[in-house]
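Order of the sequence lines fixes the chain letters, A, B, ..., with proteins taken first and strands second; residue numbering starts at 1 for each chain. When reading the values below, keep in mind they use all heavy atoms of this one structure, side chains included, and skip hydrogens, waters and symmetry mates. Because the structure is a prediction, the values reported are computed rather than measured.
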Amino acid sequence: MEKTYRPLDIEQRHYANWEASGYFAPSGDGEPFCIVIPPPNVTGTLHMGHAFQDTIMDALTRFHRMNGRRALWQPGMDHAGIATQMVVERQLNAEGLSRTDLGREEFVRRVWQWKQESGGQIAQQLRRMGASVDWSRDRFTMDDDLTAAVTRVFVDLYDEGLIYRGKRLVNWDPVLHTALSDLEVLQEDEAGHLWHFRYPLADGDGHLAVATTRPETMLGDSAVAVHPDDTRYTHLVGREIDLPLVGRRIPVIADEYVDPEFGTGCVKITPAHDFNDYDVGLRHDLPLYNILDDNAAISDAAPTPYRGLDRYVARDRVVADLDAQGLLEKTEDYTRKVPRGDRSGAVVEPYLTNQWYVKIGPLAKPAIEAVETGRIRFVPENWSKTYFDWMHKIQDWCISRQLWWGHRIPAWYDGSGNIYVAESEAAARAKYELADDVALIRDEDVLDTWFSSALWPFSTMGWPEQTESLKTFYPGTVLVTGFDIIFFWVARMIMMGLKFAGDVPFREVYIHGLIRDQDGQKMSKSKGNVLDPLDLIDGVSLDTLLEKRTRGLMQTHLKPAIEAATRKQFPNGIEEYGADALRFTFAALATTGRDIRFDLGRIEGYKNFCNKLWNAARYVHMNTVNMDDADAEFGAADRWIRSRLAKTIADVHGHFATYRLDLAAQAIYDFTWHEFCDWYLELSKPVLQSDEALAADKQGARRTLVDVLEALLRLLHPIMPFITEEIWQQTRRHAGIAGETIMLRPFPQSADFGADEDAEADIGWVQQFILGIRQIRGEMDISPGRALPVLLQGASAADRQRADRHATLLARVGRVESVRHLADDEQAPPAATALLGDLRLLVPMQGLIDVAAERTRLGRQRDRLQADLGKARGKLANDRFVNNAPPDVVTQERERVAEFERRLGQLAEQLEKLDSLEQTTTLQADNS
RNA sequence: GGGCGAUUAGCUCAGGGGUAGAGCGCCACGUUGACAUCGUGGAGGUCGGUGGUUCGAAACCACCAUCGCCCACCA
């Protein structure tokens, strides 16, 4: 092995081998385990959120696979209707073409071509992350069989009356020219105005005032509403208004919807362009005036002067015209919510169109129950509340989109506008017994991308065929996803799964947090703070990083600031950390449900951890060449590390079971670094490097080194697959283990290594001994290389035994030159002191130790002890504590006080000696 | 307007009714044949504030502050 760990040399080699060997496919006959990947957009590239999520899913999959489960991580991609169509349309625009120039068929062909050539980069990036997805089952939401599943679901829902077509207000994106669902519309605060207009009463008896943020919509007003209990306006209800600019007579109506406290208490009602007004219109049977067209320009339904004007031009014109007529009362500054399409960013209009809807109530009810009854569990459980909140007030889902890329709606119309829904035109003719000469035209619309995503857990398994996969891997075990798509995706999968696959789609939903930058900001292209996971794996130069962060920037004025910030944070670019360090970082930060600030310090530290492991392995391998089957005797240190490993393994199992990858990572890290490397490796050296040590003892140490390392690699494999495989390929030979890959070896079990309390106590004593000596050495500035003589005072029989038994360890690891027991009546020489229970470790001072420094050191210890003692005594002096606290707590407190007192006594004695010593020294100095 | 979350060492974060933790950073010393991507020792926190429950609160409860997120039709 090389002296230092170099990730890039090894990672890609192993992945290629795993994939080629078919290791990712489910195998064996264990209990099935299944995770479906949240299908990334075909247009997408891997970002930090993916990398984080994929790390979690891969760690879980590898863990369960190693535990004997028939594990499937189902990969695939989403056709991403709007996003993909936008990408290809942009390309066309660059060629001076539009999609209408091409026509639908040719355009769709172009999209497929784009997908073949440049779609799905993310699949390669997933490989770099080490994702053990079963590529042989890769699926795309537009594949023929998945499309068939979509069509089938649509037809079944339609036949059952759960899909309907209706004309009502939808969120209309005037740039993309499509309807959007409520979820795809983001409400954003924007500065605007509130205009107060006077509307003259038709009988010439004055006017009333209305306030609006959208003056142009007054062209479509059907009424003015007041609150029924608003006595200011009771006399106006039932009278009419002369609508200015339009010349229409509209009524004044009373409706509970109006808030008398707001504005003037009079609301203009525009049923065709506002969701609330639409409802008011329905209640009062008001006419709808659709004054906009598909581009959100003023339509022919409005008076001639405004026709064809953009909505914002029309707004200015309306305000000016009303002002000219003296009808503008006042203009206030006002912040309002502006709805924008989440893809286009365009301001969305409530717009009257024909669309397809899913009647959601009957689907939502069982989906709510599934979570209420615990058939599906959210982790952390808190998120079920978010789920319920949304599900209880869920609205019908608008599923039609006026796009070309997507699953085309399986509905046909005849000349009279009758609708026929079936799997195909032929099926429709058969189903509805239509004559061949009836001309049918297919609906132009496609389905919301999320419609097919909702079927993902069973469509990928071959549904509606009752395939072996479906039977085995549905329901899935756990879904791993971000809270941002609980509504978009999780809820809809639950509804569709229950409806069509006969069961919940997964048993648990693990919700993880968002990856943010070091300042807690969301990573986004426009902020220029994006980190590319591949750059963390491979490293990147500053120049490349600057280029990536500023390329294609919309707001070019931010470029200098982004460059400056990037130069400041990454003056030398980003070094190469490797996929394992990145994965370990994600795992260590994966506390459930909480957002994560990505900290480069952490990944740096975990790369060092890789190096630590690497070098520990080098040491183990170095000492275990040509292992034979000679008899082995396990010494205390061997039994100790085995016991510690058993404990760690048990902890890791527990942490995986509760999805606490952070705690699992922490437990492994601590064991590896602070127990195996810091202690066991050091403790093994005296045995292995000694000429006197018995062959069986040496064999015991060798056996332990290689056994523990080998198990540790398996323990770590789910989080760090590459480095563990690389090392394991050597370790297995030393350990005499068969098997071609660590991936398919069993996950360690606690019982493989027994707990050993005696060994833990024994080595615990050795550690305390050595730590005591080290502390003296460190604080007294004694060279680490210098071996120290140690005197033991007040040793019990057990202390004597241990000191003898572990003399070699103390000598070598503690750098102790000699250990001598002071006789009971023997006067201790001046010495630096460490306490180990009743035992005192004395390091004679002669020529070694500065008396004043030792006194300061002991004084500090004494102060600390006294503070603790004071607190403990205070508690015991409190009757209410003694009477009310649990007896064991009181006992424990008494023991602490005794312990503090004993140690304080020892320290006081030592300090006294130092005092007298110093006096002597001073005396001598005076005399000379 | 509702709801949720966060606030612990300089930074990033665990923890959790009785003794405050890790990594990074900091200080000192150190080339002991696994590792300087390291070793050894050390410094550093009245756990956001106030009140309550309790023998005991950093932890539980209430309120407040600050920050963040989600949902919602006030023109």
Side-chain angles (χ1 to χ4, degrees), chain A residues 1 3-5 187 194-195 210-214 217 225 257-259 261-270 274-280 334 336-337 350 382-383 385-386 389-390 393 483-484 486-487 513-514 516 518 520 522 575 581 588-589 591 593-623 660 662-663 666 669-670 673-674 677-678 681-682 685 689 771 774-785 812-813 815 860 868 871-872 875 878-886 889-890 892-893 896:
Chain A
M1 280 169 82
K3 187 168 173 179
T4 49
Y5 155 68
Q187 307 284 340
L194 187 61
W195 288 272
V210 297
T212 181
T213 56
R214 303 201 48 200
T217 63
Y257 154 68
V258 179
D259 175 4
E261 304 294 317
F262 188 88
T264 60
C266 301
V267 187
K268 58 186 274 311
I269 301 296
T270 318
D274 182 283
F275 289 103
N276 293 312
D277 293 6
Y278 183 79
D279 292 338
V280 174
Y334 190 75
R336 65 176 292 245
K337 297 280 188 196
N382 220 38
W383 288 106
K385 194 174 161 67
T386 304
D389 282 352
W390 188 68
K393 58 180 182 195
F483 56 82
D484 49 330
I486 290 178
F487 308 144
L514 207 66
R516 297 172 174 279
Q518 69 286 343
K522 225 171 187 168
E575 70 168 283
L589 293 173
T591 61
R594 186 171 156 156
D595 283 358
I596 288 160
R597 289 191 194 203
F598 193 82
D599 175 22
L600 277 173
R602 294 290 282 257
I603 194 172
E604 170 106 42
Y606 294 133
K607 186 191 179 187
N608 294 350
F609 175 65
C610 290
N611 193 60
K612 189 75 179 173
L613 178 70
W614 183 262
N615 279 290
R618 285 179 63 226
Y619 171 81
V620 173
H621 294 164
M622 205 175 282
N623 283 286
R660 290 303 303 268
D662 58 326
L663 299 181
Q666 187 66 43
Y669 182 98
D670 281 342
W673 203 307
H674 299 307
C677 291
D678 283 354
L681 260 43
E682 296 308 317
K685 287 175 186 175
Q689 293 168 3
L771 286 172
R774 277 183 189 164
Q775 198 173 30
I776 290 171
R777 198 193 295 277
E779 294 191 39
M780 293 295 106
D781 277 346
I782 300 169
S783 151
R812 294 288 302 279
V813 181
R815 299 247 139 202
R860 210 163 48 224
D868 288 342
K871 269 190 259 176
K875 273 189 189 177
N878 183 348
D879 284 345
R880 287 178 309 178
F881 171 73
V882 178
N883 295 333
N884 293 314
V889 171
V890 177
Q892 186 192 321
E893 209 58 32
R896 289 184 69 215

- Item | Interatomic spacing from NZ in A:K268 to OG1 in A:T217 - rounded to 0.5 Å | 2.5 Å
- Message: Measuring only the C1' atom in each nucleotide, how far is B:rA65 from B:rG49? A whole number of Å is fine.
- Response: 7 Å
- Item | Touch class at under 4.0 angstrom, heavy-atom based, for A:Y257 against every strand present | base
- Under 4.0 Å between a side-chain N/O of A:Y278 and OP1 or OP2 of B:rC73, yes or no? no
- Task: Taking atom C1' in both B:rG16 and B:rU8, compute the distance separating them and give it to the nearest angstrom.
- Result: 11 Å
- Query: Which part of the nucleic acid does A:E575 contact within heavy-atom distance under 4.0 Å: base, sugar-phosphate only, or nothing?
  - Reply: nothing
- Query: Using purine N1 to pyrimidine N3 plus N6-O4 or O6-N4 for Watson-Crick, or N1-O2 and O6-N3 for G-U wobble, both under 3.5 Å, which nucleotide pairs with B:rC38?
  - Reply: B:rG30
- Please work out if A:F275 contacts a base, only the sugar-phosphate, or nothing of the nucleic acid, heavy-atom cut-off 4.0 Å. nothing
- Task: Report yes if at least one side-chain N or O of A:W390 is closer than 4.0 Å to OP1 or OP2 of B:rG2; otherwise report no.
- Result: no
- Using a cut-off of less than 4.0 Å, is there contact between a side-chain N or O of A:T591 and OP1 or OP2 of B:rA14? yes
- Message: Taking B:rG44 as the reference, what is the distance to B:rG56 when you measure between their C1' atoms (whole Å, please)?
- Response: 27 Å
- Query: Between B:rC13 and B:rU50, how far is it from one P atom to the other, in whole Å?
  - Reply: 25 Å
- Query: A:R660 side chain N/O closer than 4.0 Å to the phosphate oxygens (OP1, OP2) of B:rG15?
  - Reply: yes
- Query: Is it the case that A:K685 places NZ or CZ above or below the six-membered ring of A:Y619, under 6.0 angstrom from the centre and within 45 degrees of the axis?
  - Reply: yes
- Task: Select base, sugar-phosphate, or nothing to describe what A:N382 touches, counting heavy atoms under 4.0 Å on all strands.
- Result: sugar-phosphate
- Task: Rounded to whole angstrom, note down the C1' distance from B:rC47 over to B:rA57.
- Result: 11 Å
- Task: State the pairing partner of B:rU50; accept Watson-Crick or G-U wobble contacts with both distances under 3.5 Å, and report none otherwise.
- Result: B:rA62
- How far does the P atom of B:rC74 sit from the matching atom of B:rC67, given to the nearest Å? 23 Å
- Query: Looking at A:N276, does any N or O in its side chain come under 4.0 Å of the phosphate oxygens OP1/OP2 on B:rC74?
  - Reply: no
- Item | Pairing partner (Watson-Crick or G-U wobble, both distances under 3.5 angstrom) of B:rU12 | B:rA22
- Item | Pairing nucleotide - B:rA43, Watson-Crick or G-U, each distance under 3.5 Å | none
- Item | Selected nucleotide, minimal atom distance to A:Y334 side chain, candidates B:rA34, B:rG23, B:rA75 | B:rA75
- So, is A:H674 near the phosphate of B:rU40, with a side-chain N or O under 4.0 Å from OP1 or OP2? no
- So A:Y669 and A:H674, would you call those rings parallel, tilted or perpendicular, with 30° and 60° as cut-offs? perpendicular
- Message: For B:rU32, does the base pair up with any side-chain atom of A:R812 as donor and acceptor (N or O, under 3.5 Å, distance only)?
- Response: no
- Query: Using a cut-off of 4.0 Å on non-hydrogen atoms, how would the nucleic acid contact of A:D259 be classed: base, sugar-phosphate, or nothing?
  - Reply: base
- Message: Under 4.0 Å, counting only non-hydrogen atoms across every strand here, what does A:R602 touch: a base, just sugar-phosphate, or nothing?
- Response: base
- Please work out if A:I603 contacts a base, only the sugar-phosphate, or nothing of the nucleic acid, heavy-atom cut-off 4.0 Å. nothing
- Query: Which nucleotide sits closest to the side chain of A:V889: B:rG18, B:rA75, B:rC29?
  - Reply: B:rG18
- Base B:rA34 to side chain A:K685, donor-acceptor N/O within 3.5 Å cut-off: yes
- Message: Can you tell me if A:N608 touches the phosphate of B:rC38, counting only side-chain N or O atoms and a distance under 4.0 Å to OP1 or OP2?
- Response: yes
- Rounding to the closest angstrom, what is the interatomic distance between B:rA9 and B:rG48 at atom C1'? 15 Å
- Task: Establish, with yes or no, whether the OP1 or OP2 oxygen of B:rG23 is under 4.0 angstrom from a side-chain nitrogen or oxygen of A:Q666.
- Result: no
- Query: Checking all strands, does A:K337 fall into the base, sugar-phosphate, or nothing category for heavy-atom contacts under 4.0 angstrom?
  - Reply: base
- Item | Below 4.0 Å: OP1/OP2 of B:rG5 and any side-chain N or O of A:K385 | no
- Counting side-chain heavy atoms from CB outward, which of B:rG41, B:rG3, B:rU12 is closest to A:L589? B:rU12
- Message: Please confirm whether the shortest side-chain N or O distance from A:K871 to OP1 or OP2 of B:rU19 is below 4.0 Å.
- Response: no
- Indicate, with a heavy-atom threshold strictly under 4.0 Å, whether A:R336 touches base, sugar-phosphate, or nothing. nothing
- Query: Can a donor-acceptor pair under 3.5 Å be found between the side-chain atoms of A:R597 and the base atoms of B:rU12?
  - Reply: no
- Query: Heavy atoms under 4.0 Å, any strand shown: does A:T386 hit a base, just sugar-phosphate, or nothing?
  - Reply: nothing
- Item | A:N884 side-chain N/O to B:rC55 phosphate OP1/OP2 under 4.0 Å | yes
- Task: Report which part of the nucleic acid A:W195 touches: base, sugar-phosphate, or nothing (heavy-atom distance under 4.0 Å, all strands).
- Result: nothing
- At under 4.0 Å between heavy atoms, what does A:V620 touch on the DNA or RNA strands: base, sugar-phosphate, or nothing? nothing
- Message: For A:W673 versus A:K612, what's the shortest heavy-atom pair and its separation?
- Response: NE1-CE, 3.5 Å
- Task: Heavy atoms only: give me the nearest A:N615-A:K3 pair and the separation to one decimal.
- Result: OD1-O, 3.0 Å
- Query: Which part of the nucleic acid does A:L514 contact within heavy-atom distance under 4.0 Å: base, sugar-phosphate only, or nothing?
  - Reply: nothing
- Message: Students often get this wrong, so: under 4.0 angstrom with heavy atoms, is A:C610 touching a base, only sugar-phosphate, or nothing?
- Response: nothing
- When you compare B:rU54 with B:rC61, how far apart are their P atoms, in angstrom units rounded to a whole number? 16 Å
